[in-house]
Amino acid sequence: MTRCYVDHITITAPSLAIGVEFVVRTLGVTPQVGGEHPRMGTHNFLLKLGDSVFLEVISPNPNAPKPERPRWFELDHQKLNTPPRLATWVARTTDIRATLAACSERLGEIEPLSRGQLSWLMTVPSDGSLPLNGIAPTLIEWHTETHIATKLQDAGCSFIRLEAFHPEAHRISALLKSISVEGEISVAPLPAGEQPYLVAYIQTPSGLRKLCAP
C-alpha cells in the first residue's frame, strides 16, 4: 500500500493580505509569493516548513475571471469579514488513484492541475467543499523532480505536528489508517455538535508556535 505524508497545511482567507498578516502575527515570519491557479481562480503565498512540507495561504484572486466551477477549499464562501483559518491539510502520495480507491471517505474527484512549471494531480470535490469539515485531507500526487518546498526560501520554520479534533474522531482515525498516513498527526474527539478544527505546531525562530483558527 502506498503511504501518505503531510505535504502542506492550507490557510484560507478572503484576501492574501489578510492571510499573510495572520501568518506574520501568529508565526512571526512572512510567507513568500507563490502564484496563480487560473483553473480555480485563486492565488497563494507559501512558507517552507521542511524539505517536503510547507504552508500555503490561499484566497480568491480578484484579478482572475471567476471559474465556471466552484473554487476549491470552500473559497467561494469567503466574505470580506471571514477570518483566516487553518482550513485543511494535504497528504502526499505517489499513487493518488490507488490511495483514493483505498480511502474510507469520499475526498472528491482527481483533477489535473498546474501552476507555471509545476503540475500535479489532486482530489477536489465538484462542489468545492472540504470533506469532513477540512479534517479529511486533500490528496496530492506531484509530477515534479524535486519537492516544491526545496525551492522555497528558508525562514527558519519547521513543521512539528498536526492535531485534528472532530466529533466523529473514529471516522478520522479510520480514514488515516485506510490511506496509511505516516508522520506526526493525532486525532482527538469533540463533543457532538462542536465545530471540528485543526491545530498545527510550527517551530519558528521565536520558538514553538501554534497555528489554528483565530
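Along the sequence shown, residues are numbered consecutively beginning with 1.
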**OP:** Could you tell me whether the side chain of R71 reaches within less than 4.5 Å of the side chain of S59, counting heavy atoms only?
**Re:** no
Original post:
Is the side chain of K48 donor-acceptor paired with the backbone N or O of Q153 at a distance under 3.5 Å, no angle test?
Top reply: no
Subject >> Donor-acceptor contact below 3.5 Å, side chain E74 vs main chain L130 >> reply: yes
Original post:
Any donor-acceptor pair under 3.5 Å linking the side chain of S158 with the backbone of G50?
Top reply: no
Original post:
So, are K210 and E163 salt-bridged, with charged N and O less than 4.0 Å apart?
Top reply: no
Original post:
Hey, mind stepping through L121 and I140 against side chain to side chain contact (heavy atoms under 4.5 Å, CB included) and telling me if it holds?
Top reply: CA-CA 6 Å; L121 298 176; I140 192 168; over 6 Å; no
Original post:
Any donor and acceptor pair, going by atom type alone, linking the side chain of S180 with main-chain N or O of R3 inside 3.5 Å?
Top reply: no
**OP:** Return yes if some donor-acceptor pair links the side-chain N/O of R115 with the main-chain N/O of G34 below 3.5 Å, else return no.
**Re:** yes
Original post:
So, E141 and H143: side-chain donor and acceptor under 3.5 Å apart, yes or no?
Top reply: yes
**OP:** Group every Ile, Leu, Val, Met, Phe, Trp and Tyr by side-chain heavy-atom contacts under 4.5 Å, then state whether M40 and F45 land in the same group.
**Re:** no
Subject >> Non-hydrogen side-chain atoms of I202 and I9 separated by less than 4.5 Å >> reply: yes
Subject >> Main-chain N/O of T26 paired with R209 side-chain donor or acceptor, under 3.5 Å >> reply: yes
Original post:
Would you say the side-chain atoms of T99 and T93 include a donor-acceptor pair closer than 3.5 Å?
Top reply: yes
Original post:
Heavy-atom count around E182 CD within 6.0 Å, excluding the residue itself: above 12?
Top reply: yes
**OP:** Give a yes or no on this: more than 12 heavy atoms of other residues, nucleotides or ligands lie within 6.0 Å of atom CD of Q32.
**Re:** yes
Subject >> Mutual orientation of the aromatic rings belonging to W142 and H147 [parallel < 30°, tilted 30-60°, perpendicular > 60°] >> reply: perpendicular
Original post:
With side chains defined as the heavy atoms from C-beta onward, is the minimum distance between T12 and Q78 less than 4.5 Å?
Top reply: yes
Original post:
For the side chain of R171 and the backbone of S104, is there at least one donor-acceptor N/O pair under 3.5 Å apart?
Top reply: no
Original post:
Does any non-hydrogen side-chain atom of P14 lie less than 4.5 Å from one of K79?
Top reply: no
Original post:
Can you tell if the side chain of L132 reaches within under 4.5 Å of the side chain of H166, non-hydrogen atoms only?
Top reply: yes
**OP:** Take atom NZ of K151 as the centre, draw a 6.0 Å sphere, and report whether it contains more than 12 heavy atoms from other residues, nucleotides or ligands.
**Re:** yes
Original post:
Can any side-chain N or O of N61 pair as donor or acceptor with the backbone N or O of N63 at less than 3.5 Å?
Top reply: yes
Subject >> Donor-acceptor under 3.5 Å (D7 side chain, V53 main chain) >> reply: no
Original post:
Is V90 close to L139 at the side-chain level, that is, under 4.5 Å between some pair of heavy atoms?
Top reply: no
Subject >> V6 with L107, same ILVMFWY side-chain cluster at under 4.5 Å >> reply: yes
Original post:
Within a strict 4.5 Å, meaning less than it, do heavy atoms of the I179 and P137 side chains meet?
Top reply: yes
Original post:
Taking side chain as C-beta onward, heavy atoms only, is R97 less than 4.5 Å from D95?
Top reply: yes
**OP:** Please answer whether the main-chain N or O of H170 pairs with a side-chain N or O of S173 as donor and acceptor at a distance below 3.5 Å.
**Re:** no
Original post:
Using a distance-only test with no angle check, is there a side-chain donor-acceptor pair under 3.5 angstrom linking T42 and W72?
Top reply: yes
